[in-house]
Amino acid sequence: MVERLRGFRDFYPEEQEIRSEIFRKMKDSCRQFGFKEIDGPSVENVELFANKSGMEIMNQMFSFKDKGGREVSLIPEFTPTLSRMVSARKDLVKPLKWFSVEKFWRYEEPQSGRTREFFQLNADILGSESYLADAEISSLAGHILKNLGIGNATKLKINSRILIDRLIQSYLPGKKEEVYYLLDRWNKLGEEEVGSYIEEKGIDKEIITSFSTGRILETMEDPELQKLNEIRDYVRSSEAIKVEIDLKIVRGIAYYTGFVMEASDLEEKFRSILGGGRYDNVVAQLGGESTPATGFAMGDAVLENILKAKGLWVQKKEGGIFLAPIDSAGRKYAIRVASTLRELGLGVDLNVMDRGISKQLDYASKMGYEYVVILGESEAKQESISLKNMTTGEQKEIELKNAKEILEKLR
RNA sequence: GCCGGGAUGGGGUAGCGGUGCAUCCUUGGGGACUGUGGAUCCCCGGACCCGGGUUCAAAUCCCGGUCCCGGCCCCA
């Protein structure tokens with residue numbers, strides 16, 4: 001048998017059902033915030049990524065030559081496509097509030113919360129330089145997490161590249177790269193490693209610690225900090241999620257120009273569940289008109305980790321109806337009953353096996369149907385159905401006309 | 001790309017050099033059952049990841065690969 005490719009996943013019905021429900025919730029939240037859904041190609045010219053993303057991402061792409069000899073790649077992220085779409089249309093009314101849920105591909109070593117093919121929600125606001133856009137984006141992120149049932153299990157951490165750069169310039173000049181590296185890994189490295197890195201690079205321990213704890217901000221007066229405070233208060237007042245300013249959130253991506261954010265589970269047991277920020281130069285870098293932009297992306301893999309840990313990765317009990325004919329008269333009649341009920345918009349499963357009533361009930365039970373409709377010669381004659389409630393085991397014979405009303409409530 | 005730990009029917013497992021056709025549960029299909037038996041009983045299908053090697057003998061030991069789980073790098 002041919003095996004599934006490394007790092008790829010199959011989604012069987014039990015799981016796909018959960019997955020669709022989660023995506024539906026995410027999309028609902030976006031729409032409630034006035035965002036419009038978009039979609040793009042899964043394959044793009046590699047140049048689109050070469051421009052912006054740097055070497056690292058180039059090494060992780062599923063790239064190939066198409067039959068026309070073009071170097072193309074499965075998309076590893078959304079921002080380049082988004083920028084291309086924005087640049088191509090000069091008539092778009094700003095600000096744009098767009099979201100998408102798409103598949104992405106990156107050739108990496110699979111591990112917890114990481115696969116080679118994954119889904120990602122992207123939500124962006126383009127055309128606004130205001131911190132209000134950052135606040136709205138953050139608020140949406142919080143709302144989505146709340147809607148997914150993990151608003152209490154996660155927190156949003158926000159920061160500003162501009163702010164941290166100013167701090168570095170005032171207190172640790174010339175050490176930008178080292179400070180970024182250190183803050184980004186502060187919790188991961190642990191005290192000892194942090195200590196030895198500080199010593200090695202000649203960074204003042206007192207100062208860097210006041211960065212990591214945020215103590216430095218207590219006495220600071222700065223317009224960028226002021227904005228950040230307002231974003232924090234904005235999200236706070238939506239009461240969806242915990243939010244705090246954290247100077248340790250720098251995000252690795254080179255193109256962030258100011259505001260950055262990240263969300264994770266409270267204990268930080270998992271990777272960050274979403275990340276994003278302001279990227280005012282990307283659209284222009286890709287050849288478009290200068291367009292300020294802010295947004296975030298949320299992958300499905302870490303989300304799955306967290307939902308499972310919180311016991312929220314569960315199938316909704318859906319019920320449904322199974323039609324079980326027991327003789328040839330019943331089989332003919334069943335087709336009529338099925339289409340009658342389907343007209344009402346009900347989901348109706350009809351036996352397609354050569355089976356007796358016992359095995360049909362067995363099947364219906366295993367599939368989780370709430371009702372079984374038993375149909376035979378007698379029902380066919382009387383235009384009735386025998387309706388069996390699979391939870392209680394109760395069964396009664398009712399006229400088909402009345403059955404409609406009863407079953408319609410199930411929809 | 002690098003580093004750990006794994007891999008036995010669809011799922012969960014027992015066996016860890018030879019004594020039983022590779023164990024047990026579950027799942028799947030069928031039969032008894034001819035309108036209530038989602039029960040019970042019975043039958044059937046289905047596996048030692050792949051390729052080399054060591055050995056009289058390999059699921060079992062060794063090497064390589066593949067895949068899985070986890071970590072590093074990186075996280076767009």
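Note on naming: letters A, B, ... go to the chains in the order of the sequence lines (proteins, then strands), and numbering restarts at 1 for each one. Only a predicted model underlies this, so the values are computations on that prediction, with no experimental measurement involved.
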N/O donor to acceptor pairs below 3.5 angstrom from side-chain atoms of residues 142-149 of chain A, sequence neighbours left out:
residue : atom : partner : partner atom : Å
A:H143  : NE2  : A:Q32   : OE1          : 3.1
A:N147  : ND2  : A:K25   : O            : 3.1
A:N147  : ND2  : A:S29   : OG           : 2.9

request  = Identify which nucleotide among B:rU27, B:rG38, B:rG1 has an atom closest to any side-chain atom of A:S365, counting heavy atoms from C-beta outward.
outcome  = B:rG38
ask   = Expressed in whole Å, how much space separates the P atoms belonging to B:rG12 and B:rA32?
value = 34 Å
ask   = Among residues 176-189 of chain A, which residues get a heavy atom nearer than 4.0 Å to RNA chain B?
value = A:R185, A:K188
ask   = Paired with B:rU23 by Watson-Crick or G-U wobble geometry, both distances under 3.5 Å: which nucleotide is it?
value = none
key: Between CZ on residue A:R70 and CD on residue A:E44, distance to nearest 0.5 Å   = 13.0 Å
Protein-nucleic acid N or O pairs under 3.5 Å, nucleotides 64-68 of chain B:
residue : atom : partner : partner atom : Å
B:rU66  : O2'  : A:E3    : OE1          : 3.4
B:rC68  : OP1  : A:G7    : N            : 3.0
B:rC68  : OP2  : A:R6    : NH1          : 2.5

message = Any residue in residues 298-306 of chain A with a heavy atom nearer than 4.0 angstrom to RNA chain B? Just list them by number, or reply none.
response = none
task = For the side chain of A:I326, starting at C-beta, report the closest nucleotide among B:rU36, B:rG35, B:rG29.
result = B:rG35
query = What does A:Y256 touch in the nucleic acid at a heavy-atom separation under 4.0 angstrom: a base, only the sugar-phosphate, or nothing?
reply = sugar-phosphate
query = Is B:rU40 paired to anything, Watson-Crick or G-U wobble with both distances less than 3.5 Å, and if yes, which nucleotide?
reply = B:rA32
request  = Indicate, yes or no, whether a donor-acceptor pair under 3.5 Å links the base of B:rG1 to the side chain of A:Q60.
outcome  = no
inquiry  = Using the side-chain heavy atoms of A:D362, tell me which of these nucleotides is nearest: B:rG35, B:rG38, B:rG30.
reply    = B:rG38
key: Integer angstrom distance from the P of B:rA22 to that of B:rC44   = 16 Å
query = With both distances under 3.5 angstrom, what nucleotide forms a Watson-Crick or G-U wobble pair with B:rG18?
reply = B:rC56
task = Flag the pair A:Y369 / A:F322 as yes when their ring centroid distance falls below 6.0 Å, and as no otherwise.
result = yes
remark   = Across all chains, not counting sequence neighbours, the salt bridge (Lys or Arg N to Asp or Glu O under 4.0 Å) partners of A:K366 are A:D362
ask   = Counting any heavy atom closer than 4.0 Å, what does A:M367 reach on the DNA or RNA strands: base, sugar-phosphate only, or nothing?
value = nothing
key: Ion pair check, A:E37 and A:K27, cut-off under 4.0 Å   = yes
request  = Kindly state whether the ring of A:Y181 and the ring of A:Y197 have centres lying under 6.0 angstrom apart.
outcome  = yes
ask   = Can you list the steps and then say if A:I241 with A:V235 is a side-chain contact (heavy atoms from CB on, under 4.5 Å)?
value = CA-CA 8 Å; A:I241 192 169; A:V235 177; 4.0 Å; yes
query = Do A:N351 and A:L323 have side chains that get closer than 4.5 Å, going by heavy atoms?
reply = no
task = Quick one: label A:S272 by what it contacts on the DNA or RNA (base, sugar-phosphate, nothing), any heavy atom closer than 4.0 Å.
result = nothing
message = Could you tell me the Watson-Crick or G-U partner of B:rG4, where both distances fall under 3.5 Å? Say none if there is no partner.
response = B:rC69
Donor-acceptor contact below 3.5 Å, side chain A:S384 vs main chain A:A380 = no
ask   = Under 6.0 Å from the six-membered ring centre of A:W98 and within 45° of its axis: does the NZ or CZ of A:K36 meet both?
value = no
Which protein N or O atoms sit under 3.5 Å from an N or O of nucleotides 4-6 of chain B?
none

request  = Scan for salt bridge (Lys or Arg N to Asp or Glu O under 4.0 Å) pairs involving residues 86-107 of chain A, sequence neighbours excluded, and state none if there are none.
outcome  = A:R89-A:D91, A:K90-A:E289, A:K97-A:E136, A:K103-A:E117
message = Taking atom types as they are modelled, would you say the side chain of A:R114 forms a donor-acceptor pair with the base of B:rC74 within the 3.5 Å cutoff?
response = yes
task = Kindly determine whether A:N122 and A:F99 satisfy side-chain contact (heavy atoms from CB on, under 4.5 Å), including the steps that lead there.
result = CA-CA 5 Å; A:N122 279 265; A:F99 77 94; over 6 Å; no
inquiry  = Considering every strand and a 4.0 Å limit on heavy-atom distances, what is the contact class for A:E397: base, sugar-phosphate, or nothing?
reply    = nothing
request  = Name all residues meeting the ring pair (Phe, Tyr, Trp, His ring centres under 6.0 Å) criterion together with A:F11; count only those two or more places apart in sequence or in a different chain, and write none if there are none.
outcome  = none
ask   = Has the side chain of A:S365 got a donor or acceptor atom that lies under 3.5 Å from a matching backbone atom of A:L361?
value = no
ask   = In whole Å, what separates the C1' atom of B:rU60 from that of B:rU54?
value = 13 Å
Extract from the structure each pairing of a protein N or O with an N or O of nucleotides 40-45 of chain B at less than 3.5 Å, listing the distance.
none

ask   = Which part of the nucleic acid, if any, lies within reach of A:Q360 when heavy atoms closer than 4.0 Å are counted: base, sugar-phosphate only, or nothing?
value = nothing
inquiry  = Work out how far the C1' atom of B:rC33 is from that of B:rC25, and round it to whole angstrom.
reply    = 26 Å
ask   = Taking a pair as Watson-Crick or G-U wobble with both distances under 3.5 Å, which nucleotide is matched to B:rG46?
value = none
query = A:E109 has a side chain; which of B:rG1, B:rG35, B:rG30 sits nearest to it?
reply = B:rG1
query = What interatomic distance, in whole Å, is found between C1' of B:rC62 and the corresponding atom of B:rC16?
reply = 15 Å
inquiry  = For a quick check of understanding: with a heavy-atom distance under 4.0 Å over all strands, which category does A:G376 fall into, base, sugar-phosphate or nothing?
reply    = base
note = Judged by nearest nucleotide, the residue sitting upstream toward the 5' end of RNA chain B, A:R355 or A:Y107, is A:Y107
key: Qualifying ring pair (Phe, Tyr, Trp, His ring centres under 6.0 Å) pairs, either residue in residues 259-282 of chain A, two or more places apart   = A:Y255-A:Y279
inquiry  = Counting only side-chain nitrogens and oxygens, does A:R106 get under 4.0 Å of the OP1 or OP2 atom of B:rC75?
reply    = no
request  = Would you sort out whether A:Y256 and A:R278 count as a side chain to side chain donor-acceptor pair (under 3.5 Å), showing the intermediate values?
outcome  = CA-CA 5 Å; A:Y256 287 131; A:R278 179 162 281 282; over 6 Å; no
task = Could you list all the salt bridge (Lys or Arg N to Asp or Glu O under 4.0 Å) pairs where at least one residue sits in residues 321-338 of chain A, not counting sequence neighbours?
result = A:R336-A:E383
ask   = Which pairs, with at least one residue in residues 372-381 of chain A and sequence neighbours excluded, count as a side-chain hydrogen bond (donor to acceptor under 3.5 Å, both in side chains)?
value = A:E379-A:S386
